[in-house]
Amino acid sequence: MSRRISIASRFFLTHLAIAGIALSLAGAAGFLLVRTLVMADADENLLSRARLAAETFRPLLDRTSPDRDRIAGEGDRIGREMRFRITVVLPAGEVVADSVVGAAGVPGMENHAHHPEIREALSGSPGFSHRRSITVREEQRYAAVPIVDNGAIIGVARAAVPAAELSRRLWQVTGIIWGTGAAALLLILGGTALMARKVTGPLKEMQSAAREMGAGDLARRVLVHTGDELEDMADAMNRMASQLHDTIAQLDAGKARLETLLANLADGVIVVAADRTVRTVNREAGRILDTAETMGEGRPYAEAFRNPEVLAFIDGWVKGGSQPPRDIPVATRQGNRVVRFSGTRVRYREDTGVALLFTLRDVTEERRLSQVKSDFVSNASHELRTPLTSIRGYLEAIQDAVREGAPPDPSFLAVAHANVLRMERLIDDLLELSRAESPGVPLEREETPLPAFLGRVAELHRTSAGRAGKSLEVVAGDGSLRADLRKLTLALSNLVDNAIKYGKAGGRVTLAGKVAEGACTLEVTDDGPGIPPEDLPRIFERFYRVDKGRSREMGGTGLGLSIARHIVESHGGTIRAESRIGVGTRFVIRLPAIPEPAPATPDSPSGGVPRKSP
């Protein structure tokens, strides 16, 4: 038979439970209330000390160049008098006084701009925080106020007290409360243990979540539903994880944008760190120097780059010099290049030293175009000077004959006239070349049957071919051509004219064309002496002549092939020359064709058989 519990025992136990619960609740509420009051009193006390310090240091900071030694010494004195830690921080975060560290240790303190209480004070309102101090290596309670002068914040005054001091005050008051009833001590301890268990569970949850977040799982969330500060802390941790995730995503996006920008810059970029290692080589720099982008990263620049002039340029900057941009020849697998190197210094942070940023630009084409321009001016001047000199000479001879009363030699006038015509042809060709090279001149495209077009071009030269004793043959396939007919006629005429002039006596010139495989191919072939292989790469240059003396005798300006090339390229086509010494020369033009018509039916006219006209 089980032992029965008396009513007194039940009453006692019931009241014991009620009293225990009541005392536990009262003790817990009293503890939280006392803690809040102690913290509030500490904050108010700290705030008054901070404001007193602000008033003390305002005259010392209200100067163009504050006396830092005096400020640091004044901080030590005020700290001793107030028995609080007093810190004075400039708007940039630099500490100028700290009563705990002392005047001698102030220069070695870290920048305080990132501390929460300092940031809030710099925004114009008092700032509070409770955290571990990096300087004194203990938990402290902080209060900071701005030091304002004429409406401007010239610094921050901060007061701090060790958290251990606050805890000591808290436990003193709590001990008094607990001492009111020795009989209730065990219940209070029991209540405290219960509260400890209620707090330990959420703390373990937050600890576990913090570890997972620290390991990189920022999607982890703290699941605490206590309805008190622990839940607020859990919510704050969740918000922190979300904001941290967003911040890291923004940093990654910014890094990706920067890498994309560097990779797609038109100029090469090389960054050499303060330790003389290569930190960055973008894609264009790798292309210009004919090296992989990542091959030199992390290596000393003396190992990454072997060109002596490049190393000398970088050495000049590394040794502290400031050199002007320099054009440096660089040998690559694609050929020799001229690269313009420029440099500048970059400081990321005060403690990382100075990095060097070099920009590279391939100026090979710029140099080539400059040389082409110079050669063009020189050649044009020479071509104009020659006939002018001849005209002047003959006119002076005519003038002398008239002065002496003798009739002028008619051949003098003929020669002068021929040179005038030569100058006129040269100027016409220069104007035509200028129009052909101008990208702003639109093409007046027209569609025409290919046989009709080649026939018109041939008719322009049949008379000159007959005078030269040469036959001109046209071989045209079916199809249509869409082009600027005036310009393309000029280009073909220049080729046919050259073939007639330089072909062998009694020879044959063939003008052929066909439309196939989405392109229109035009060919001009002669059976002349041919062009030497060493001259073929240059025949499309302005004023270039294979046989300079013979070309001038025949009235050539040296611009016909250059004009033809620019006209063909303006149509999106290509032109090339094939030649064999003693056999002849063939010029091939390839242009984009218009869409071909539908295949011819058996009842339709001839569909595809080349037409040949003598």
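Here, residue 1 is the first one in the sequence, and each next residue gets the next number. Just so you know, these numbers use all the heavy atoms, side chains as well, and skip hydrogens, waters and symmetry mates.
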Sorted by chain and number, sequence neighbours left out, side-chain contact (heavy atoms from CB on, under 4.5 Å) with S322 holds for W317, R345
- Task: Would you check, one step at a time, whether the test side-chain contact (heavy atoms from CB on, under 4.5 Å) holds for L522 with L450?
- Result: CA-CA 10 Å; L522 307 175; L450 182 60; 3.7 Å; yes
- Side-chain (K470) to main-chain (I500) donor-acceptor, under 3.5 angstrom: yes
Can you tell me if D526 uses its side chain to pair, donor with acceptor, with the backbone of K504 under 3.5 Å?
no
Polar side-chain atom of N282 near backbone of V269 as donor-acceptor pair, under 3.5 Å: yes
Residues R119 and A113: closest non-hydrogen pair is CG-O, 3.0 Å
Residue set satisfying salt bridge (charged side-chain N to carboxylate O under 4.0 Å, His left out) with E569, at least two apart, ordered chain then number -> none
Correct closest heavy-atom pair for I567 and L488 would be CG2-N, 4.1 Å
Salt bridge (charged side-chain N to carboxylate O under 4.0 Å, His left out) filter on D252, not counting sequence neighbours, yields none
For T489, the side-chain contact (heavy atoms from CB on, under 4.5 Å) test, sequence neighbours excluded, returns F453, V457, L460, S493
* To do: Determine, stepwise, if the pair D497 / K501 fulfils salt bridge (Lys or Arg N to Asp or Glu O under 4.0 Å).
  => CA-CA 6 Å; D497 187 60; K501 287 179 180 178; 3.1 Å; yes
Side chain proximity check, T521 to I589, heavy atoms < 4.5 angstrom: no
Practice prompt. May I have the step-by-step check of side-chain contact (heavy atoms from CB on, under 4.5 Å) for T525 and V509, ending in yes or no?
Written response: CA-CA 6 Å; T525 308; V509 176; over 6 Å; no
Should R508 and D527 count as an ion pair when the cut-off is N to O under 4.0 Å? no
Salt bridge (charged side-chain N to carboxylate O under 4.0 Å, His left out) filter on R361, not counting sequence neighbours, yields D267
query: Quick one: do the T585 and S579 side chains pair a donor with an acceptor below 3.5 Å?
result: yes
Is it the case that over 12 heavy atoms from other parts of the model lie below 6.0 angstrom from the CZ atom of R580? no
Applying salt bridge (charged side-chain N to carboxylate O under 4.0 Å, His left out) to E212 and not counting sequence neighbours gives R220
TODO: Kindly indicate, with the supporting measurements, whether the criterion salt bridge (Lys or Arg N to Asp or Glu O under 4.0 Å) is fulfilled by D275 and R279.
DONE: CA-CA 10 Å; D275 59 359; R279 291 298 174 86; 3.5 Å; yes
Review point. Under 4.0 Å between a Lys/Arg side-chain N and an Asp/Glu carboxylate O for R456 and E459?
Key: no
